[in-house]
Amino acid sequence: MVLLVLTIGGFYAIPNLYGEDHAVQVVATRGAEVTASTLSSVNGLLESKGIAVKRAELEDGQLIVRVQNAEQQLLAREAIAESLGDKYTVALNLAPATPEWLEAMGGTPMKLGLDLRGGVHFLMEVDMGEAIRKMEEAKIADFRSQLREERIRYAGVRKTAKGLEIKFRDAENLSKAERYLKSLSNEMVFTDGSVGENYALYASMSDDYLRQIKEEALQQNITTIRNRVNELGVAEPVVQRQGAERIIVQLPGVQDTARAKEILGATASIEFRMVDQNVDQAAAANGRVPASSEVFPRRSGGIAVLKKEVMLTGDHITGAQPSFDEYSRPQVSINLDAKGGNIFSNVTKDNIGNPMATLFIEYKDSGQRNPDGTVKMTKIEEVISVATIQARLGRNFVINGLDHAEAQSLALLLRAGALIAPVTIVEERTIGPSLGAENIENGKMAMIWGMVVVLIFMLIYYRAFGVIANLALTANLVMVVGVMSMIPGAVLTLPGIAGMVLTVGMAVDGNVLIFERIREELLAGRSVQQAIHEGYANAFSTIADANITTFMTALILFAVGTGAVKGFAVTLMIGIATSMFTSIVGTRVIVNLMWGGKRVKKLSI
């Protein structure tokens, strides 16, 4: 058993000896594909630029290009991004240099935190103007429904430079509307803007309400981005606000930076609208459509004329999973909340036999800046599917018309939640050790010197038994590294190294207790075999009590702590578990092999 455990621990620790390669990762977006021709063109491009490629390979629909150093990595990314265009996401990465045969058997190096290996750092900016615009649109819809419910006649509601304008045909209805709307909403400021026979009521948001909208937009985006990070499976991420409109995202030890950039930077939502069937397609292609309709491009080609009225938005989506229909075509299975299900049921009931379109809306960085310095966003809208409503739909339905990759991405984005306002990545960088290379080297040296001092002490003080303890201590360190490499969510940080150094000291505690008890039994006149048996048997309860209480403390630290504290707690818990195995079971095996069942008159202890 001991040999099997040590073999498994050693096998998973081996990949950490190979290090990592600087790499550039290419992922296709918006229907494009990374193929063998992409690989060939990238290789040719880098060769013409004089950039040496160590290895370029296609993995799971993405391209990984390994280069010699960080300088060539930056040059390669710029060249590839310029050549491939905006249909591909090109990002920096660090690819494990583990041999392929070892990877095929499941061997991967342990993930390092931002303070050791670095990772990806994103600074994201929230478009507050879009958040306010969305709220204004919601208020317009609310005003219309509220006035209709109260049976107050109005001529129209629209957004103007002065605010939200509600027009009336007479002063009486204007007065009724003002009193009624003021009683419903205290966050809006209403003013009478009538001029002559033009009766108008203007509504604008109060300063407190604007601040509330911005704060809620930022907080909801932070929550949504955290959900998306969780979907990516990143361990110990940092997602926090910076100022009033920005969010910092740090992904330590991330392996798929291109995927992270694509998912975190995307702002996707969907709308369900009815298709306007009474419009001439030729006229629509020239922009001639009724005021109640709009023209949108179709992803598959051509155009679609949709009614402006939105039947349902993605805000009511509670679940989204990629799946396949009976013909093995990709689709996304959608689940709605109760309110959304009721709305969708009522709308589809009245439109059986009519075509309904799914409109995909995405915001992307245009590469330009607004006068106030914020990033100018480009709104991309396209119809991804048009389907005839065959029956009344409820809370569960499907969206089709996507390829497999698009279905996966759309399901993830909708499942993680829609961003209340679009965000853009204003700064992206891979970062090195936050505490500096000197501190990292000091952490490694602390562990090495701690090991050396303990090894020398045990060797001098316990002689032959000290050699056994040292073998167990070395095996314990290998097992800690192996277990850290095996656990998907485990990330080694600088405080984690401190936990490993502490484990080195604690690992010999058990042996010290056992060896001292053996000495006591020998001094009491016990035989060698009795002394060994009593030493291990009587010291076990003390060792177990001490380690269990420490393990529980580390478990509490992991549960309530964040970041660095969690990194320390993880290595401490793993170290405690492995040290108990090596110090009690491992050393007993060696002692039994050397002295068990033999007539021994004296022990080298």
Sequence neighbours excluded, the answer for ring pair (Phe, Tyr, Trp, His ring centres under 6.0 Å) partners of Y462 is F515
Residue set satisfying side-chain contact (heavy atoms from CB on, under 4.5 Å) with L45, at least two apart, ordered chain then number -> S48, K49, A79, I80, S83
Contacts of E521 meeting salt bridge (charged side-chain N to carboxylate O under 4.0 Å, His left out) (sequence neighbours excluded), chain-then-number -> R517, R526
Check this for me: E47, atom CD, are more than 12 non-hydrogen atoms of other residues, nucleotides or ligands nearer than 6.0 Å?
no
Quick check: do V42 and V24 have side-chain heavy atoms less than 4.5 Å from each other?
no
Shortest non-hydrogen contact from A81 toward V90:
CA-CG2, 3.9 Å
Of all heavy-atom pairs between L492 and M110, which one has the smallest distance, and what is that distance?
CD2-CE, 3.4 Å
Verdict with supporting geometry, L455 and V452, side-chain contact (heavy atoms from CB on, under 4.5 Å):
CA-CA 5 Å; L455 292 176; V452 169; 5.5 Å; no
Nearest heavy atoms of T587 and A472, plus distance in Å
CG2-CB, 3.6 Å
Could you tell me whether the side chains of Y12 and T108 share a donor-acceptor contact shorter than 3.5 Å?
no
Kindly write out the residues that satisfy side-chain contact (heavy atoms from CB on, under 4.5 Å) with F11, not counting sequence neighbours, or none if the list is empty.
L102, M105
With side chains defined as the heavy atoms from C-beta onward, is the minimum distance between K566 and L557 less than 4.5 Å?
no
Does any N or O in the side chain of D21 come within less than 3.5 Å of the main-chain N or O of R66, such that one atom is a donor and the other an acceptor?
no
Ring pair (Phe, Tyr, Trp, His ring centres under 6.0 Å) with W595: which residues, sequence neighbours excluded?
F465
Donor-acceptor under 3.5 Å (S328 side chain, F324 main chain):
no
Take M1 and V589 through the test side-chain contact (heavy atoms from CB on, under 4.5 Å) and record every step on the way to the result.
CA-CA 10 Å; M1 181 187 70; V589 166; over 6 Å; no
Check against side chain to side chain donor-acceptor pair (under 3.5 Å), N476 and T503
CA-CA 9 Å; N476 176 65; T503 301; 6.0 Å; no
When you measure from the side chain of S583 to the backbone N and O of S579, does any donor-acceptor pair fall under 3.5 Å?
yes
Would you name the heavy atoms of L39 and E57 that are closest together and state the gap between them?
CD1-N, 4.3 Å
Looking at CD1 of I51 and CG of N43, how far apart are the two atoms once the value is rounded to the nearest 0.5 Å?
11.5 Å
Within the distance-only criterion (no hydrogens, no angle test), does the side chain of N538 pair as donor or acceptor with the backbone N or O of G535 below 3.5 angstrom?
no
For E82 and R77, run side-chain contact (heavy atoms from CB on, under 4.5 Å): C-alpha distance rounded to whole Å, both residues' side-chain angles, the deciding distance at 0.1 Å, then the answer.
CA-CA 8 Å; E82 184 179 349; R77 183 184 69 168; over 6 Å; no
The criterion is salt bridge (charged side-chain N to carboxylate O under 4.0 Å, His left out); which residues satisfy it with E78, sequence neighbours excluded?
none
Using a 4.5 Å cut-off on heavy atoms from C-beta on, say whether the side chain of V528 contacts that of K602.
no
Looking at N16 and S485, what are the two nearest heavy atoms and their distance?
ND2-OG, 2.9 Å
F122 vs I248, test: side-chain contact (heavy atoms from CB on, under 4.5 Å). Steps then yes/no.
CA-CA 6 Å; F122 294 120; I248 291 175; over 6 Å; no
List in chain and number order the residues that pass ring pair (Phe, Tyr, Trp, His ring centres under 6.0 Å) with F540, two or more places apart in sequence or in another chain; answer none if no residue qualifies.
none
Under the side-chain hydrogen bond (donor to acceptor under 3.5 Å, both in side chains) definition, can you give me all pairs with a residue in residues 546-556, not counting sequence neighbours?
none
Are the side chains of I576 and M506 in contact, using a 4.5 Å heavy-atom criterion?
yes
Residues at least two apart in sequence or cross-chain that pass salt bridge (charged side-chain N to carboxylate O under 4.0 Å, His left out) with E71, listed by chain then number, are none
Show the nearest heavy-atom pair for residues G107 and P15, with the distance to one decimal.
C-CG, 3.6 Å
V65 vs Q25 side-chain heavy atoms within contact, under 4.5 Å:
no
Quick check for you: to the nearest 0.5 Å, what is the distance between Q242 atom CD and E427 atom CD?
8.5 Å
Expected output: side-chain R519 to main-chain I605 donor-acceptor under 3.5 Å:
yes
Distance col, row T582:OG1 vs N511:CG, nearest 0.5 angstrom, shows 7.0 Å
Just wondering, are more than 12 heavy atoms of other shown residues or ligands nearer than 6.0 Å to CG in L3?
no
Please name all residues satisfying ring pair (Phe, Tyr, Trp, His ring centres under 6.0 Å) with Y18, sequence neighbours left out, ordered by chain then number.
none
Partners of V508 by side-chain contact (heavy atoms from CB on, under 4.5 Å), sequence neighbours excluded?
V454, M458, L473
Does any non-hydrogen side-chain atom of L477 lie less than 4.5 Å from one of M500?
yes
If the condition is salt bridge (charged side-chain N to carboxylate O under 4.0 Å, His left out), which residues does R241 pass it with, not counting sequence neighbours?
E215
Quick one: pull up CD1 in I584 and CD1 in I514 and give me the separation to the nearest 0.5 Å.
5.5 Å
I need the Q529 CD to N592 CG distance, nearest 0.5 Å.
8.0 Å
Checking the side chain of Q73 only, and the main-chain atoms of A23 only, is there a donor and an acceptor separated by less than 3.5 Å?
yes
Donor-acceptor pair between T98 and E103 side chains, under 3.5 angstrom
no
Answer whether the closest heavy-atom distance between the side chains of V467 and I590 falls below 4.5 Å.
no
Heavy-atom check, side chain of I225 versus side chain of M124, under 4.5 Å:
yes
Distance check, rounded to the nearest 0.5 Å: N69 atom CG versus L75 atom CG?
8.5 Å
